[in-house]
Undergrad: 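Encoded as structure tokens, here's the structure I'll be asking about.
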Amino acid sequence: MGSDHLDYITAFTMNRLGDEFIIVAPDELDEDSQAGLCRAFAANPDVWTDVPYEEQHPRFICRAKMWIYESQSPFRSQEEPPW
């Protein structure tokens, strides 16, 4: 993915487990350009990894455009109901 693509991306939001992501782009960007961003990101094997989040080098996960979230609480009390 070229740096020109990154100029049009506001952020990448990614699940910490790596099973989902969203490319955040400005509303003003036309649909063809938005689709091009999605194709460029999804088609590039260099952006995918099998290395767990905790084992990745900070230069790959500590970027202003990369927002990483966790879908569920990593800690659960024994007294908490399972829902």
Side-chain angles (χ1 to χ4, degrees):
M1 178 168 29
S3 63
D4 56 329
H5 283 102
L6 292 176
D7 293 341
Y8 295 106
I9 294 174
T10 303
F12 297 101
T13 62
M14 289 170 253
N15 182 299
R16 187 180 72 83
L17 299 176
D19 56 0
E20 60 189 19
F21 69 91
I22 297 170
I23 299 172
V24 181
D27 285 339
E28 299 84 35
L29 202 59
D30 62 83
E31 283 189 35
D32 287 341
S33 296
Q34 290 177 16
L37 288 175
C38 292
R39 282 191 303 275
F41 184 76
N44 185 348
D46 292 337
V47 301
W48 303 104
T49 183
D50 291 327
V51 179
Y53 172 79
E54 293 84 1
E55 297 174 21
Q56 292 185 33
H57 191 283
R59 73 182 175 122
F60 298 117
I61 58 175
C62 296
R63 301 248 176 164
K65 288 189 177 198
M66 202 173 286
W67 304 344
I68 300 173
Y69 64 91
E70 188 154 15
S71 294
Q72 54 187 311
S73 174
F75 303 105
R76 185 166 274 232
S77 164
Q78 293 295 335
E79 284 111 43
E80 275 188 283
W83 57 88

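The structure presented is a predicted model; accordingly, all values stated were derived computationally and were not measured.
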Undergrad: Could you tell me the separation between the CG atom of Asp32 and the CZ atom of Arg39, rounded to the nearest 0.5 Å?
TA: 7.5 Å

Undergrad: What pairs with Asp30 under side chain to side chain donor-acceptor pair (under 3.5 Å), at least two apart in sequence or on another chain?
TA: Ser33

Undergrad: Locate the shortest heavy-atom distance separating Pro26 from Thr10; write the atom from each residue and the value.
TA: CD-OG1, 3.7 Å

Undergrad: Kindly write out the residues that satisfy side chain to side chain contact (heavy atoms under 4.5 Å, CB included) with Thr13, not counting sequence neighbours, or none if the list is empty.
TA: Ile22, Val24, Trp67, Tyr69

Undergrad: Grab the two heavy atoms, one from Leu37 and one from Ile23, that are nearest each other, plus how far apart they are.
TA: O-CD1, 4.1 Å

